[in-house]
Amino acid sequence: QVQLVESGGGLVQPGGSLRLSCAASGRDFSIYAMGWYRQLPGNQRESVATITKSNSTNHADAVKCRFTISRDNAKNTGYLQMNSLKPEATAVYYCNAAVKLLTSPVSGTFSYWGQGTQVTVSS
């Protein structure tokens with residue numbers, strides 16, 4: 001199991017930047033794929049960016065070239081650097097860690113979520 005705690009959210013003006021952190025505790029963070037998701041008011045939760053345990057990344061088209069996902073396994077922490085923020089980025093941002101276990105007798109896909117951190121982009 002892994003416990004995730006997001007931080008770094010807050011109020012920022014349009015065009016500003018924020019860096020979100022996802023601190024993990026429990027099992028080694030390095031074995032998990034990690035992702036950032038957001039839930040806009042009245043909308044479904046959507047993927048923002050993901051990173052595999054081998055550091056392969058994928059960013060949603062809406063945030064490419066502005067947001068960057070990264071991880072520091074030595075610090076058990078994932079990050080989302082958000083630049084050139086727009087008002088439509090206002091949402092609760094959640095960190096996710098997932099792993100597929102194939103070792104008998106316990107196997108399956110396990111997914112964990114943090115509690116989220118609010119990002120508000122407004123002048």
Side-chain angles (χ1 to χ4, degrees):
Q1 299 182 45
V2 63
Q3 294 78 47
L4 307 173
V5 179
E6 301 96 334
S7 63
L11 176 64
V12 64
Q13 294 184 337
S17 298
L18 285 174
R19 187 196 194 198
L20 305 184
S21 296
C22 175
S25 62
R27 298 195 66 178
D28 290 343
F29 185 56
S30 63
I31 72 172
Y32 295 90
M34 190 269 286
W36 287 96
Y37 298 76
R38 67 185 179 187
Q39 187 164 15
L40 281 67
N43 291 80
Q44 299 290 321
R45 189 174 299 182
E46 63 185 31
S47 175
V48 177
T50 58
I51 184 168
T52 70
K53 61 182 181 180
S54 60
N55 285 325
S56 177
T57 64
N58 186 60
H59 297 78
D61 289 342
V63 304
K64 284 183 178 178
C65 301
R66 298 188 298 110
F67 290 12
T68 303
I69 190 171
S70 63
R71 66 192 298 164
D72 187 338
N73 291 334
K75 297 181 179 179
N76 292 326
T77 303
Y79 303 95
L80 183 68
Q81 179 67 47
M82 304 186 295
N83 299 323
S84 301
L85 283 164
K86 303 176 181 179
E88 51 263 42
T90 296
V92 178
Y93 285 73
Y94 298 88
C95 181
N96 173 268
V99 64
K100 185 175 183 179
L101 300 178
L102 302 176
T103 302
S104 180
V106 180
S107 64
T109 300
F110 299 85
S111 181
Y112 305 91
W113 295 91
Q115 292 300 306
T117 185
Q118 177 71 49
V119 171
T120 302
V121 185
S122 179
S123 60

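Small disclaimer: the values here were computed from a predicted structure and weren't measured.
- Transitive grouping of hydrophobic side chains (ILVMFWY, heavy atoms separated by less than 4.5 Å) keeps Y79 and F29 in distinct clusters.
- Here the CD1-CG distance, from I69 to N55, works out to 10.0 Å after rounding to the nearest 0.5 Å.
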side-chain contact (heavy atoms from CB on, under 4.5 Å) between T57 and T68: does it pass, once the steps are laid out? CA-CA 9 Å; T57 64; T68 303; over 6 Å; no
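- Within the 4.5 Å cutoff, side-chain heavy atoms of R38 are placed close to those of V63.
- Going from atom CG of N58 over to atom OG of S47 covers 7.0 Å, rounded to the nearest 0.5 Å.
- Looking only at distances, no side-chain donor or acceptor of R27 sits under 3.5 Å from a matching main-chain atom of Y32.
- Side-chain atoms of T103 do not come within 3.5 Å of backbone N or O of L101 as any donor-acceptor pair.
- Taking every heavy atom of both residues into account, Q81 and S17 meet most closely at NE2-CB, 4.1 Å.
- Contact detail for V121 and A89: the closest heavy-atom pair is CG2-CB, 4.3 Å.
- Donor-acceptor pairing under 3.5 Å is lacking for the side chains of N76 and S25.
- Geometrically, R45 engages Y94 in a cation-pi contact, judged by NZ or CZ lying under 6.0 Å from the ring centre and within 45° of the ring axis.
- Looking only at atom types and distance, the side chain of S54 has a donor-acceptor partner in the side chain of T52 under 3.5 Å away.
- Using bins of under 30°, 30° to 60° and over 60° for the plane-to-plane angle, the ring pair Y93/F67 lands in the tilted bin.
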